[in-house]
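Because the structure is predicted, anything quoted here is derived from the model rather than measured. Start at 1 and go down the list; that is how both ligands and their atoms are numbered.
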Amino acid sequence: MRLLVVGGGGREHALCWALRREQPDADLYCAPGNPGTAELATNLAIAADDLDRLADAADMHGIDLTVVGPEVPLARGLADRLRAEGRAVFGPSAAAAQLEASKAFAKDVMAAARIPTAASRAFQALEPALAYVDHHAEPLVVKASGLAAGKGAVVCATRREAAAVVRSMLGERAFGEAGATVVIEAFLQGEEISVLAVTDGRDFELLPVSQDHKRLLEGDAGPNTGGMGAYSPVSVATDAVLERTRNEVLHPALDEMRRRGTPFTGVLYAGLMVDAEGTPWVVEFNCRLGDPETQVILPLLGGGLTDALWHVARGEHVTPIARRLDAASVTTVLASRGYPDAPERGAAIRIPQGLPSGVTVFHAGTARGADGVLRANGGRVLNVTAVAPTFAEARRLSREAAEAIEFEGKVFRRDIGWREAARVASGV
Ligand code: AMP
């Protein structure tokens, strides 16, 4: 089998790792990849959003299955393009990827399908948006409708703050075209979980549920980031919550996308706020695997991932994906000083030999210079994933390995999984 993974972050390193584990003899390519994927696959120096060159590479290497990691190439039609050329691709069409690429579209789908989500309205003109804010309860949330690398949602304590955000998005185009439409919505109370479904458009296989940590600093303080760590499983995601998520969120969303003539295939990622009654309110949909969720989820699988992706990519029925029930997983992101605004680059990285078994270091923003030295080359540099029989052990291993890896300006959170740890401690 000839496989191509598109993307170059920690998610794609974890994907290459999982595919390689299941397919030791496959020809595996990654575009553009990173120094981590280089140890498992042949890296192709092609940007993840260079559709022409990706299509050429798929031809040249006779790729059987392409797995697309990031949202941007999906929203630009990479899956459509490769499919039109007769290739099997795991990832939604550009039309279906609108579930992530346009929050206004996602809200419209949710309203039509009666999916629980915060009451909201979308605006393109400044004055009506400000008038809406003026009568909105506090707190409230203002979101750039388009793709903003996870940074386009602003939770506002007051109407005044929300008005300022609306002005910056619609008036000053602070998020460029992504903020040409804003969605203003009610604030949801509860605990967030990420539920990812591998779907053929009708049926789906749930992946292990995880919880991300969006804020930069311990105690969930500081600015929003792409994610500073995650863990799985999450005890908030009870069987009852997942049953409701299947029936009230995932099936209705997939049915509505089929009804519109744009079936969604690939990974449907539901970012949920679970309230005290166990209602799964949708905060957002994504059209792909999460980052860093992938780095905790894939090590918990027991097999069947490649087969499931392969069948879905060929328009067939999704096949079962096994999961390990005897283990927990925690990943800690090591970021560079200055992340998320202006991360420093270039610091030499030292990863100690002989990290404990169960610990895997996934590369995100790293680069190997001509001198062969591994260096920080982005905001999120490494993901340190630990798998262990218990959550507490996985958490300890991930944190200790995160401390043992060295580079100048390393920033990380020591409290990944703090909610779960508090539950474990209180015996809930
Ligand atoms: P989004 O880009 O829509 O996923 O939003 C990013 C983050 O902002 C989410 O992970 C939540 O922590 C927070 N957020 C977004 N919308 C809401 C909401 N309606 N209520 C509470 N928190 C929200």
query = Just by distance, with hydrogens left out, do N43 and T37 show a side-chain donor and acceptor under 3.5 Å apart?
reply =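 There is such a pair between these side chains.
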query = Side chains of H317 and D203: is there a donor and an acceptor less than 3.5 Å apart?
reply =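 Short answer, yes.
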query = What do you reckon, does K214 have a nitrogen or oxygen under 3.5 Å from a nitrogen or oxygen of ligand 1?
reply =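 Among all N and O atoms of K214, none is under 3.5 Å from an N or O of ligand 1.
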task = State if Q189 counts as touching ligand 1 under the rule of any non-hydrogen atom under 4.0 Å.
result =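 It does not; every heavy atom stays at 4.0 Å or beyond.
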message = Check contact between A186 and ligand 1, using heavy atoms of the residue and a distance below 4.0 angstrom.
response =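 The answer is yes, since A186 has a heavy atom less than 4.0 Å from ligand 1.
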task = Taking the side chain as every heavy atom from C-beta outward, state whether R323 and L325 have any atom pair closer than 4.5 Å.
result =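 Result yes, sub-4.5 Å side-chain heavy-atom pair found.
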Test item: L99 and M257 side chains (from C-beta on) under 4.5 Å apart, heavy atoms =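 Yes, side chains in contact.
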message = Within ligand 1, which atoms have a heavy atom of V141 less than 4.0 Å away?
response =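 Near V141, the atoms of ligand 1 are 16 (N), 17 (C), 18 (C), 19 (N), 20 (N).
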message = Which of the numbered atoms in ligand 1 are under 4.0 angstrom from any heavy atom belonging to K143?
response =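 Reading through ligand 1 atom by atom, the close ones are 3 (O), 15 (C), 16 (N).
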request  = Could you pull out all residues at least two apart from A112 that satisfy side chain to side chain contact (heavy atoms under 4.5 Å, CB included)?
outcome  =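 With sequence neighbours excluded, A112 shows a side chain to side chain contact (heavy atoms under 4.5 Å, CB included) to E256, R260, given in chain and number order.
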Heavy atom of the protein closest to [atom] (residue, atom name, distance):
atom: atom 13 (C) of ligand 1; answer: V155 CG2, 4.0 Å
atom: atom 5 (O) of ligand 1; answer: A153 CB, 3.2 Å
atom: atom 2 (O) of ligand 1; answer: K103 NZ, 3.3 Å
atom: atom 22 (N) of ligand 1; answer: M273 CE, 3.8 Å
atom: atom 14 (N) of ligand 1; answer: V283 CG1, 3.9 Å
atom: atom 20 (N) of ligand 1; answer: L188 N, 2.8 Å

key: Salt-bridge criterion met for E218 and R413 (N-O under 4.0 Å)   =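 No.
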task = Look at R399 together with D415 and state whether they make a salt bridge at an N to O cut-off of under 4.0 Å.
result =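 Salt bridge: no.
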query = Which value, rounded to the nearest 0.5 Å, describes the distance between Y231 atom OH and S210 atom OG?
reply =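 These two atoms lie 9.0 Å from each other.
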request  = Could you pull out, from E185, E192, E284, the option with a heavy atom nearest to atom 10 (O) of ligand 1?
outcome  =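 Nearest option to atom 10 (O) of ligand 1, by heavy atoms: E192.
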